[in-house]
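None of the values given here were measured: they were computed from a predicted structure.
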Amino acid sequence: MESAEGMEIEDEKSTPGPSSAKRFGLKNSIQTNFGEDYVFQIVPKDDWTSMAVSLSTNAVKLYSPVTGQYIGECKGHSSTINQISFAGPSTPHVLYSCSSDSTLRAWDSRSFQQVSCINTGPSQEVFSFSFGGEGHNLLAAGCKSKILFWDWRRTKQIACLEESHVEDVTQVHFVPGHESKLVSASVDGLMCLFDTSGDINDDDHLISVFNVGTSIGKVGFFGATNQKLWCLTHIETLSVWDWSNERAEAIFEDARGLASESWTLDNVDYFVDCHYSSEDDGLWVIGGTNGGTIGYFPVKYATSRKTVGCPEAVFQGGHTGIVRSVLPMCSSSSRNGGGIYGWTGGEDGRLCCWTSDDSTTTTTTKSNTSWVSTALVDKSPKTTRRLRHTPY
């Protein structure tokens with residue numbers, strides 16, 4: 001059963017600039033379940049007509065990203081869903097998922113029925129997957145300490161890399177625009193770059209190894225040709241790499257401390273994701289508090305003084321717990337019809353829709369407003385450093 005709660009939105013605007021930014025408001029929030037279930041990930045369909053939401057109930061629910069209307073549910077996994085992703089334009093209705101139940105599944109998002117399933121074997125949890133290669137028919141999956149490959153057209157396993165990592169492979173991603181290149185990341189603190197053309201094996205296809213030094217949680221690509229790589233670890237460190245030149249461009253061991261010092265809200269307790277804008281060639285790390293507030297912090301990795309800057313967007317008043325996923329809709333704003341910035345999901349089981357559209361505003365209320373102002377980001381030189389949150 002789904003419930004939606006309308007929220008008031010502040011109609012006052014401030015001009016974006018060094019010490020101020022556009023105001024955002026909470027349009028509505030949807031309680032995906034009742035109880036202690038929560039949201040893992042939100043991903044969009046290629047044409048943005050629906051979005052899929054993976055939940056701790058081991059199910060995937062689909063909603064309209066414009067109205068928030070519930071569409072349907074895909075059920076079949078028996079353990080944690082670790083990643084979901086829609087297929088590309090050639091098969092837009094197909095939704096993929098992988099799980100700790102040792103399976104990768106494909107679903108028809110129109111009928112909500114499973115259409116294909118690959119079983120990786122007993123106790124072989126699947127943490128991540130990616131499609132690449134010629135025709136995007138090569139499927140790679142990160143498992144315990146292995147990277148498995150299938151020809152998706154025949155659902156036939158064609159290779160297994162088992163010498164590059166010694167612990168769980170948390171991430172596998174084919175590099176956009178370089179479809180034979182695959183990056184893997186692991187709890188062992190290593191990122192590996194492979195060339196998957198030809199017959200795949202550990203000896204001949206490993207190109208580079210990047211030592212991050214601690215357990216890796218999430219990686220992603222950015223830059224004009226996706227030649228750069230950001231990396232977030234399980235102890236909330238951040239690093240930026242150039243995989244084409246095999247070098248680290250910036251390492252932020254105290255990224256969370258830098259972010260915490262840049263605003264006057266509670267300490268940043270965790271990082272959710274990174275966001276890249278090709279128009280600005282800018283990279284932001286998205287940090288959050290245990291109370292549910294998140295901010296976009298610019299990552300200044302290419303300057304002489306490498307740092308994490310003051311937040312350029314803040315979303316507050318929607319969540320009451322840790323935020324697990326952020327889905328911006330800026331690139332599709334001309335189609336979404338409501339000035340919607342995007343959606344967030346968290347451990348409070350809520351999906352929150354954020355908007356910057358004046359036409360939906362009602363009365364002014366600071367409690368439901370998300371923005372960045374001088375009062376929020378400016379600090380006195382006498383301000384002392386806050387204590388860092390310790391997760392363990």
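- Nearest heavy atom pair, residue G345 against residue I42, reads N-CD1, 3.5 Å.
- Without hydrogens or angle criteria, S109 side chain to H93 main chain gives a donor-acceptor distance under 3.5 Å.
- Looking only at atom types and distance, the side chain of Q227 has a donor-acceptor partner in the side chain of T225 under 3.5 Å away.
- Remark: K300 NZ to L283 CG distance equals 12.5 Å, nearest 0.5 Å.
- Under the 4.5 Å side-chain criterion, counting only non-hydrogen atoms from C-beta, Y276 is not in contact with K228.
- Interatomic distance, M51 CE to L351 CG, rounded to the nearest 0.5 Å: 5.5 Å.
- When side chains are defined from C-beta on, S56 counts as touching F40, because their heavy atoms get closer than 4.5 Å.
- When atom types are taken as modelled, the side chain of E236 and the backbone of R256 share no donor-acceptor pair closer than 3.5 angstrom.
- L182 and I147 make their closest contact through CD2-CG2, 4.2 Å (heavy atoms, listed as atom of the first residue, atom of the second, distance).
- The distance from the OG1 atom of T293 to the NE2 atom of H319 is 10.0 Å, given to the nearest 0.5 Å.
- Taking the side chain as every heavy atom from C-beta outward, S208 and W243 never approach each other to under 4.5 Å.
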(request) Take S244 and D242 through the side chain to side chain donor-acceptor pair (under 3.5 Å) test and state the conclusion after the steps. (result) CA-CA 6 Å; S244 61; D242 187 319; 2.5 Å; yes
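- Between L138 and S180, the closest side-chain pair of non-hydrogen atoms is not below 4.5 Å.
- Considering all non-hydrogen atoms of both residues, T170 and S128 come closest at O-CB, 3.4 Å.
- To the nearest 0.5 Å, atoms CD1 (I81) and CD (Q41) are separated by 10.0 Å.
- The backbone N or O of G309 lies less than 3.5 Å from no partner atom in the side chain of T307, so there is not a single donor-acceptor pair.
- Remark: aromatic rings of F252 and F271 are distant, center separation not under 6.0 Å.
- For E167, the CD atom sits in a packed shell: over 12 heavy atoms of surrounding residues, nucleotides or ligands are nearer than 6.0 Å.
- The side-chain heavy atoms of I30 and W343, taken from C-beta on, include a pair separated by under 4.5 Å.
- Looking at every heavy atom in both residues, D202 comes nearest to C160 through OD2-O, 4.1 Å.
- Looking at every heavy atom in both residues, V166 comes nearest to S145 through C-CB, 3.8 Å.
- Residue I216 holds its CD1 atom at 8.5 Å from OG1 of T214, rounded to the nearest 0.5 Å.
- With hydrogens and angles ignored, the 3.5 Å screen pairs a side-chain donor or acceptor of S64 with a backbone N or O of V66.
- Surrounding CG of D199 are at most 12 heavy atoms belonging to other residues, nucleotides or ligands under 6.0 Å away.
- Two residues are said to be in side-chain contact when any heavy atoms from C-beta on lie closer than 4.5 Å; L161 and H205 fail this criterion.
- Rounded to the nearest 0.5 angstrom, L55 CG and Y38 OH are separated by 11.0 Å.
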(request) Under the side chain to side chain contact (heavy atoms under 4.5 Å, CB included) rule, what do V323 and I294 come out as? Steps first, then yes or no, please. (result) CA-CA 8 Å; V323 176; I294 62 169; 3.7 Å; yes
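- A side-chain donor-acceptor contact under 3.5 Å links Y270 to the backbone of T289.
- With hydrophobic clusters built from ILVMFWY side chains whose heavy atoms lie under 4.5 angstrom apart, W354 shares a cluster with V272.
- Hydrophobic cluster membership is shared by V268 and L258, with clusters built from Ile, Leu, Val, Met, Phe, Trp and Tyr side chains linked at under 4.5 angstrom.
- Under the 4.5 Å side-chain heavy-atom criterion for ILVMFWY residues, no single connected hydrophobic cluster contains both M191 and F194.
- V212 and I207 fall within the same hydrophobic cluster, defined by Ile, Leu, Val, Met, Phe, Trp and Tyr side-chain heavy atoms under 4.5 Å apart, directly or through other members.
- Considering N82, N58, D101, T57 as possible partners of H77, the one that fulfils the side chain to side chain donor-acceptor pair (under 3.5 Å) test is D101.
- Of the possible donor and acceptor atoms, one in the side chain of D195 sits under 3.5 Å from a partner among the backbone N and O of S197.
- In the hydrophobic clustering, where aliphatic and aromatic side chains (Ile, Leu, Val, Met, Phe, Trp, Tyr) are joined below 4.5 Å either directly or transitively, V94 groups with Y96, L104, I118, V126, F129, F131, L139, L148, W150, W152.
- When all heavy atoms of E179 and F174 are compared, the pair lying nearest together is O-CD2, 3.2 Å.
- S97 contributes no side-chain N or O that, together with a main-chain N or O of I84, makes up a donor-acceptor pair within less than 3.5 Å.
- The shortest side-chain heavy-atom distance between V240 and F222 falls under the 4.5 Å cut-off.
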(request) Go through the steps to decide whether H165 and K144 satisfy the test side chain to side chain donor-acceptor pair (under 3.5 Å), and finish with yes or no. (result) CA-CA 9 Å; H165 293 290; K144 281 195 170 179; over 6 Å; no
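- Of the possible polar contacts, none joining the N267 side chain to the D269 backbone as a donor-acceptor pair under 3.5 Å is found.
- Here the side chain of S186 pairs a donor or acceptor atom with the backbone of D168 at under 3.5 angstrom.
- Exactly one residue among V39, N33, T320 makes a side chain to side chain contact (heavy atoms under 4.5 Å, CB included) with R350. That residue is T320.
- Within 6.0 Å of NZ in K306 there are more than 12 heavy atoms belonging to other residues, nucleotides or ligands.
- With contacts defined as side-chain heavy-atom distances shorter than 4.5 Å, the pair P92/D47 does not qualify.
- A single hydrophobic cluster is seen to contain both L232 and Y301, as judged by linkage of ILVMFWY side chains at heavy-atom distances under 4.5 Å, directly or through other members.
- The main-chain N or O of G121 is found under 3.5 Å from a side-chain atom of S102 such that the two form a donor-acceptor pair.
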